[in-house]
Structures are given as structure tokens and as C-alpha cells.
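Working notes, structure below.
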Amino acid sequence: QVQLVESGGGLAQAGGSLRLSCAASGRTFSGYAMGWFRQAPGKAREFVAVINWSGRSTSYADSVKGRFTISRDNAKNTVYLQMNSLKLEDTAVYYCAAGGTYYSGRIYYTADKYDYWGQGTQVTVSS
């Protein structure tokens, strides 16, 4: 079992920045791919970014590419999402997730590939 706790959400102005953190406990998370997803009111949960276990492979949704950066520190059991140039449409609850084949190096884009989820952190972007 892996427990995930997100933090760092809050209110930011359009054009501003926030850094989300996701702290893992329980079974060592270093072998899992880690993803960030988000869900806006009335919308389905959507993929935001993913990083493989080593950090050498990352991928982003087109809507955040060039603005968001995912990273991880396996020694600290933490994954991060640096969000810059925030837009109103980035407003959502952000979830981190762990999953995939342990130490496979693969990355995953769909929620069904992830086994463990955090409780979410609210990000609100205002004009």
C-alpha cells in the first residue's frame, strides 16, 4: 500500500505560479510511475503530467505543456508539480497518483493504470 498526500494548492492570480507536492508513505514509491490529474467542476478527471520511476521520462497534456513541470525526489518520497503562467482554466482539484508496473520505466496517461490516489488539493486561479 502507498498513501499519498497532496499539498501546495490554493489561490493564485492568472499568470502566477504554484508548486504542488505529493508525499508518499507506506510501500516504497520509488518504483512507480507518478501522475498528476485534475478535475474541474462538472468535468471529467483529466491527465496533466506523468513521470517514470527514474525521472528520465516525462509527458504532459497539451494544455499545460511549457507551463507545468513534473519532478520527483525518490529520496524524499515526493513528487512535485511546478505550475507557472497559470490560467483561469487551470482551476481544478489536483490529484497525484502512483501506479504501473514496478520499475518498468513506462509512463501512463489514463487513470485506470494507477493504483493509488491522494485526496486532492484545490487550485483556484483568479483574474
Worksheet item: Measuring from Lys65:NZ to Tyr60:OH, what's the distance to the nearest 0.5 Å?
Response: 10.0 Å

Worksheet item: Is the Lys NZ or Arg CZ of Arg45 less than 6.0 Å from the centre of Tyr95's six-membered ring, within 45° of the axis?
Response: yes

Item to complete: Check for a donor-acceptor pair, side chain of Glu6 on one end and backbone N or O of Ser21 on the other, with a separation under 3.5 Å.
Response: no

Practice prompt. Compute whether any side-chain donor of one residue and acceptor of the other, for Ser17 and Asn84, lie under 3.5 angstrom apart.
Written response: yes

Worksheet, complete the sentence: Separation between CZ (Arg67) and CD (Gln82), nearest 0.5 Å, reads 12.0 Å

Discussion item. Can a side-chain donor-acceptor contact be found between Thr69 and Tyr80 if the only test is distance below 3.5 angstrom?
Written reply: no

Worksheet item: How long is the gap from CE on Met34 to OG1 on Thr78, to the nearest 0.5 Å?
Response: 9.0 Å

Worksheet item: Any salt bridge between Lys87 and Asp90, counting N to O under 4.0 Å?
Response: no

Fill in: Close aromatic pair by centroid cut-off 6.0 Å: Trp117 and Phe37
yes

Discussion item. To the closest 0.5 Å, what do you measure between CD (Gln39) and CD (Gln122)?
Written reply: 11.0 Å

Worksheet entry | Rounded distance [0.5 Å steps], CD in Glu89 versus OG1 in Thr91 | 8.5 Å

Fill in: Aromatic plane relationship, Tyr94 with Phe68 - under 30° parallel, 30 to 60° tilted, over 60° perpendicular
tilted

Worksheet entry | Donor-acceptor contact present, side-chain Arg72 to main-chain Asn52, <3.5 Å | yes

Worksheet item: What distance separates Arg38 CZ from Phe47 CZ, expressed to the nearest 0.5 Å?
Response: 11.0 Å

